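Model, not experiment: these values are computed from the prediction. Hydrogens, waters and symmetry mates are skipped; everything else that's a heavy atom, side chains included, is used. Starting from 1, each residue takes its place in the sequence as its number.
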Amino acid sequence: MKLLEGKVAIVTGASRGIGKGIVHKLAEHGADVGFTYISSEDKANALRKELETYGGKVKAYKSDASSHDAADELITTVLEDFGTIDILVNNVGITRDGLLMRMSEENFDAVIETNLKSVFNTTKAIQKTFLKQRSGSIINITSVVGIKGNAGQSNYAASKAGVIGFTKSIALELGSRSIRCNAVAPGFIFTEMTEELDEKLIKEWNDGIPMKRSGTTEDVANLVLFLASDLSTYITGQVINVDGGMLT
Ligand code: NAP
């Protein structure tokens, strides 16, 4: 059964990693998909071709999520290209790790602007459309680090905790118009980025997870699919972990 037939989704930061897994899942379930990237033009073009094989409309946009004006322009362009938007997935995220003692103002600001302000930018830009159609599902990708904190990631943890507060507030503001806003909190997810980590370190992390394995991009994408679909029409303001029990 295709869960998203006739729906249009926009996913930020989908040229690789979790975002790529999400757009595959949404397109496989019948959605027309627009997605963004910032630098990986070749990967984005290759992904667009992969997604087109599912049969829906697909467009890739180079757009800096941390820029308020760029987000406005993005949403306007997506609306022109697709006619409507039903699902917004705010997935963009970066890390600039370091202990507070060594963390520069530049690295603090970059993470807050890319991970948190980006969510404000796209949500604000899409709000009028969702209000007019009295529907819409917003899914924000946060992290277990935003719930628990992590030494060496104060900027990242603050940005992801901010996403959780933003998600709950928007759920309260827009719930009466049937617009839903939820957050997904992945734990340790195996991506191209984590592939480069030391095998011993990965084993140590996996041993600390109740399910004894890292998650896959598909584990995250399956939850996003559920939250994007009409199977979750009475669910809003929630933070759902995809972490193999890590925070239990
Ligand atoms: P990733 O592999 O590094 O991919 C990040 C994506 O964001 C790429 O498509 C990148 O585009 C894009 N991007 C970065 N800065 C951007 C900007 N300013 N404007 C537009 N696009 C931008 O990351 P990931 O591991 O898949 O993580 C995805 C999300 O899950 C993030 O929010 C992350 O914090 C969260 N998360 C990940 C994990 C994990 O274990 N991987 C765990 C918890 C939460 P380019 O390719 O063009 O650079």
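- Electrostatic pairing of R48 and E52 counts as a salt bridge here, judged by a charged N lying under 4.0 Å from a carboxylate O.
- Using modelled atom types, one finds no donor on one side chain facing an acceptor on the other under 3.5 Å when comparing S118 with N121.
- The backbone N or O of S104 lies less than 3.5 Å from no partner atom in the side chain of R96, so there is not a single donor-acceptor pair.
- Side chains of V111 and N107 form no contact here, defined as non-hydrogen atoms less than 4.5 Å apart.
- Annotation: the span from L223 atom CG to D219 atom CG amounts to 10.0 Å, rounded to 0.5 Å.
- For the atom pair CG of L116 and CG of N155, the computed distance is 12.0 Å after rounding to the nearest 0.5 Å.
- Of all non-hydrogen atoms in N140 and I138, the two that sit nearest each other are OD1-CG2, 3.6 Å.
- Checking side-chain atoms of K160 against main-chain N and O of I141 turns up a donor-acceptor pair under 3.5 Å.
- Checked by atom type and distance alone, the side chain of S137 never pairs as donor or acceptor with a backbone atom of S229 at under 3.5 Å.
- Residue T77 holds its OG1 atom at 6.5 Å from CG of D81, rounded to the nearest 0.5 Å.
- One N or O on the side chain of T236 and one on the backbone of C181 form a donor-acceptor pair closer than 3.5 Å.
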Y54 vs H29, test: side-chain hydrogen bond (donor to acceptor under 3.5 Å, both in side chains). Steps then yes/no. CA-CA 8 Å; Y54 294 112; H29 276 267; over 6 Å; no
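- Using cut-offs of 30° and 60° for the angle between ring planes, the W205 and F188 rings count as perpendicular.
- The local environment of CG in L201 is crowded, with over 12 non-hydrogen atoms from other residues, nucleotides or ligands closer than 6.0 Å.
- Atom CG of D230 sits about 8.5 Å away from atom CG of L3, to the nearest 0.5 Å.
- Judged by distance alone, with hydrogens and angles left aside, the side-chain atoms of E218 form no donor-acceptor pair with the main-chain N or O of K25 at under 3.5 Å.
- Cation-pi check for K59 over F82 is not met; the charged atom does not lie both under 6.0 angstrom from the ring centroid and within 45 degrees of its normal.
- Contacts classified as side-chain hydrogen bond (donor to acceptor under 3.5 Å, both in side chains) and involving residues 238-248 (residues at least two apart or in different chains) are not found.
- Applying the ring pair (Phe, Tyr, Trp, His ring centres under 6.0 Å) rule to Y61 yields no partners; only residues at least two apart in sequence or on another chain are considered.
- Atom CD of E204 sits about 8.0 Å away from atom CG of D207, to the nearest 0.5 Å.
- Residues G13 and T36 approach most closely at N-OG1, 2.9 Å, considering heavy atoms.
- Here CG of N115 is found 10.5 Å from CD of E113. Values are rounded to the nearest 0.5 Å.
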